[in-house]
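First comes the structure, then the notes that go with it.
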Protein chains: 2
Amino acid sequence: MKFEAATIKDIAKALGLSVSTVSRALRDSYEISEATKKRVRDYARQINYRPNPVALSLKEKRTLSIGVVVAEIANTFFSQVINGIESIASKKGYNVIISQTKESYEREEQILEYLTSRSIDGLIISVSSETEDFSRLEALHSKGLPIVFFDRVVDEIKTHKVITDNLSGVYEATRHLIRNKYKRIAAIANSPTLFITKERLEGYKKALEEHNMIYNPALVKYCAHGGLEPEEVRRVLSELLAEKQKPDALVLLSDKITTETLRILKEKNIQVPNEIGIIGFSNSDYTSMMSPSVSIIRQRAFEMGEISATLLFSLVESKRKVTDFELVSLAPEVIIRESSQK
Amino acid sequence: MKFEAATIKDIAKALGLSVSTVSRALRDSYEISEATKKRVRDYARQINYRPNPVALSLKEKRTLSIGVVVAEIANTFFSQVINGIESIASKKGYNVIISQTKESYEREEQILEYLTSRSIDGLIISVSSETEDFSRLEALHSKGLPIVFFDRVVDEIKTHKVITDNLSGVYEATRHLIRNKYKRIAAIANSPTLFITKERLEGYKKALEEHNMIYNPALVKYCAHGGLEPEEVRRVLSELLAEKQKPDALVLLSDKITTETLRILKEKNIQVPNEIGIIGFSNSDYTSMMSPSVSIIRQRAFEMGEISATLLFSLVESKRKVTDFELVSLAPEVIIRESSQK
DNA sequence: TTGTACGCGTTATCAG
DNA sequence: CTGATAACGCGTACAA
């Protein structure tokens with residue numbers, strides 16, 4: 001069944017005017033008499049006329065839509081970012097088209113292929129953990145599609161980027177564990193190919209080095225799909241706990257990994273913070289309500305969305321080619337609670 | 001700056017053909033010679049030609065986009081529903097345009113006004129808690145816009161609806177509290193105007209009646225904005241705790257209210273489940289990891305999204321006017337944990 | 001003050 | 001086999 005709506009032509013016919021007169025009357029052009037304007041406006045209201053945005057888009061070569069690509073919508077961090085993006089976009093009169101990669105490069109390719117064939121005016125993206133080939137993004141970017149990266153940014157592509165100051169966040173978190181007498185601090189990270197993974201691990205290493213603790217690669221584990229595959233966190237956690245000298249603390253380097261780890265520790269009845277100390281990325285309010293309450297590195301997700309959207313619109317609305325790009329780095333909140341203090 | 005892409009016309013010019021020939025060649029029409037087809041296809045690939053979806057939309061009177069309207073994206077329940085919707089939509093080759101009402105009728109009006117001026121082929125909506133006037137939705141619906149309601153459905157409008165079996169969920173939850181010797185069971189609900197609020201309270205009343213407990217209106221409180229306004233949950237909770245005979249258990253009738261209540265109880269250091277028993281709607285995995293773990297009524301959110309989307313596409317793709325509508329009622333999972341058993 | 005014609009990108013129809 | 005033209009809905013330069 002089709003959804004039919006009135007057009008300018010319908011109004012013109014009904015009122016015995018030409019379409020251009022109607023068009024001008026509706027846009028309140030000075031060339032149209034008040035009498036005609038009134039007739040047109042009254043009739044338009046009566047039949048509830050709305051201009052067809054598709055026709056406008058075709059004409060103006062813009063869609064008033066932006067695309068947002070994230071790994072998973074139902075992830076607190078991403079949904080908060082989307083919240084921020086939507087808040088700005090709706091004020092600007094733009095639609096927000098959401099897609100999720102589920103951490104798959106293939107899906108990401110499909111989405112980009114699909115979205116960017118001119119159905120969006122700009123793109124805000126956090127790449128999937130599998131993505132290592134940025135050529136399609138690069139191609140789109142060099143063709144003039146405005147792109148803003150957030151969270152999982154692509155170093156090679158020169159455009160606006162909004163990230164958390166991952167290094168200091170993790171540095172601070174790790175340092176805190178060290179000061180609380182944890183001796184064997186392990187890290188569970190997202191895919192090693194992600195830029196943010198590298199940054200976060202830098203923070204971890206920096207804290208260890210500054211406190212003369214040796215960096216032991218055996219204590220660093222990766223989840224290629226950021227914990228989205230059900231068993232990957234469980235596997236690396238088992239590996240860690242099976243070490244001869246098993247770790248006494250964990251730094252969890254992504255939201256999903258934090259959630260999964262907490263679930264597994266609870267299930268295995270491992271005592272936090274005594275048996276193992278925990279601090280990790282999380283944007284869930286529930287971490288404060290748990291017992292023990294969970295120490296977290298909290299990203300300014302809503303703000304990140306707002307800033308990303310604002311930067312994107314500055315690109316979209318810019319008349320000239322922008323060559324000066326911003327790298328916005330937001331300080332995370334490192335919130336110390338019970339899970340990291342024995 | 002604009003994002004320019006190649007068109008059929010560019011190909012035609014470059015190859016010295018007419019646009020119609022190029023169009024047909026690309027669509028592999030039988031009337032075109034293999035040689036020409038090959039030339040066109042090769043060149044199209046070379047310049048990375050993609051048909052302009054906006055032009056297609058104008059011609060075909062469809063946008064391959066659906067609109068999704070929820071109260072708040074960053075709410076676990078809604079983000080899980082959106083996840084389900086997106087999963088189906090992406091398979092069907094549809095874009096998902098997301099908007100949030102933030103529980104405001106005014107915003108909902110704006111969104112509908114905007115979205116439905118032919119930029120979407122169908123709408124999936126859970127109305128805002130403020131919405132009492134459904135005339136715009138009704139108008140859109142009777143004009144032929146396919147609509148599917150989920151969660152907060154509109155009784156008056158005849159179309160597909162997907163809901164949780166709210167009554168039995170709450171009935172079962174309340175009965176469970178009664179069987180666990182709770183005597184003064186209060187309920188905190190979303191706006192009294194919402195259909196689901198009525199249903200949920202029916203479940204509450206039914207359980208009380210069946211166990212010969214008197215229904216005391218003083219023990220039922222409402223949050224007009226579903227807990228989105230920061231202080232509303234705190235206020236009603238204070239009122240309840242100030243009752244001469246204060247309640248010894250709470251049934252929390254929406255996700256947001258459950259989260260807020262748990263936060264406040266923790267803050268006030270009120271002992272759960274002894275001082276007060278808790279069971280409430282929640283779709284957050286964290287409820288299982290809290291201490292005490294929280295008993296919940298869990299909606300099948302992802303599934304609800306999948307079903308809503310499937311039903312919507314059946315409407316969108318239907319050739320004739322559909323008059324036979326489904327009301328899908330999904331059984332919630334009532335998960336009994338520690339917070340409701342003293 | 002109002003109307004005609006064109007173009008945005010595409011496909012369908014009709015001509016050749 | 002290929003090309004010209006109309007149409008989708010709109011806004012605007014140009015004509016009247």
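Chain letters run A, B, ... following the sequence lines, proteins first, then strands; residues in each count from 1.
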May I have the distance from [X] (atom [atom1]) to [N] (atom [atom2]), rounded to whole angstrom?
X: A/Lys38; N: C/dT1; atom1: NZ; atom2: C1'; answer: 19 Å
X: A/Arg27; N: D/dC10; atom1: CZ; atom2: C1'; answer: 9 Å
X: A/Ile11; N: C/dG3; atom1: CD1; atom2: P; answer: 14 Å
X: A/Glu31; N: D/dT12; atom1: CD; atom2: P; answer: 10 Å
X: B/Tyr49; N: C/dT10; atom1: OH; atom2: P; answer: 3 Å
X: A/Asp10; N: D/dA7; atom1: CG; atom2: C1'; answer: 15 Å

**Prompt:** Going by heavy atoms in the side chains, are B/Tyr105 and B/Glu109 under 4.5 Å from each other?
**Reply:** yes

**Item:** Residue pair B/Ser29 / B/Glu31, side-chain donor-acceptor N/O under 3.5 Å
**Value:** yes

**Request:** May I ask you to say what B/Ser23 touches in the nucleic acid, namely base, sugar-phosphate or nothing, with a heavy-atom cut-off under 4.0 Å?
**Result:** base

**Message:** Using a strict threshold of under 4.0 Å (side-chain N to carboxylate O), is an ion pair present between A/Glu130 and A/Lys102?
**Reply:** no

Between [X] and [N], is there a side-chain N or O to OP1/OP2 distance below 4.0 Å?
X: A/Lys9; N: D/dC8; value: yes
X: B/Ser33; N: D/dC1; value: no
X: A/Thr36; N: C/dT1; value: no
X: A/Tyr30; N: C/dT2; value: no

**Fill in**
Between B/Leu58 and B/Val22, the residue closer to the 5' end of DNA chain D by nearest nucleotide is B/Val22

**Item:** Closest listed nucleotide, where the reference is the side chain of B/Lys61 and the choices are C/dT11, D/dC8, D/dC10
**Value:** D/dC8

Show me the protein contacts with nucleotides 4-6 of chain D, counting only N or O atoms at under 3.5 Å.
residue: D/dA4; atom: N7; partner: B/Ser20; partner atom: OG; Å: 3.1
residue: D/dA4; atom: N6; partner: B/Ser20; partner atom: OG; Å: 3.1

**Item:** Short side-chain to backbone donor-acceptor contact, A/Glu108 and A/Ser128, under 3.5 Å
**Value:** yes

**Message:** Tell me if a side-chain donor or acceptor on A/Gln100 pairs with a main-chain N or O of A/Ile73 at a distance below 3.5 Å.
**Reply:** yes

**Request:** Please identify each residue that fulfils ring-ring contact (aromatic ring centres under 6.0 Å, His included) with B/Phe325, with sequence neighbours left out.
**Result:** B/His160

**Prompt:** For B/Lys37, which of B/Asp28, B/Thr21, B/Asp42 qualifies under side chain to side chain donor-acceptor pair (under 3.5 Å)?
**Reply:** B/Asp28

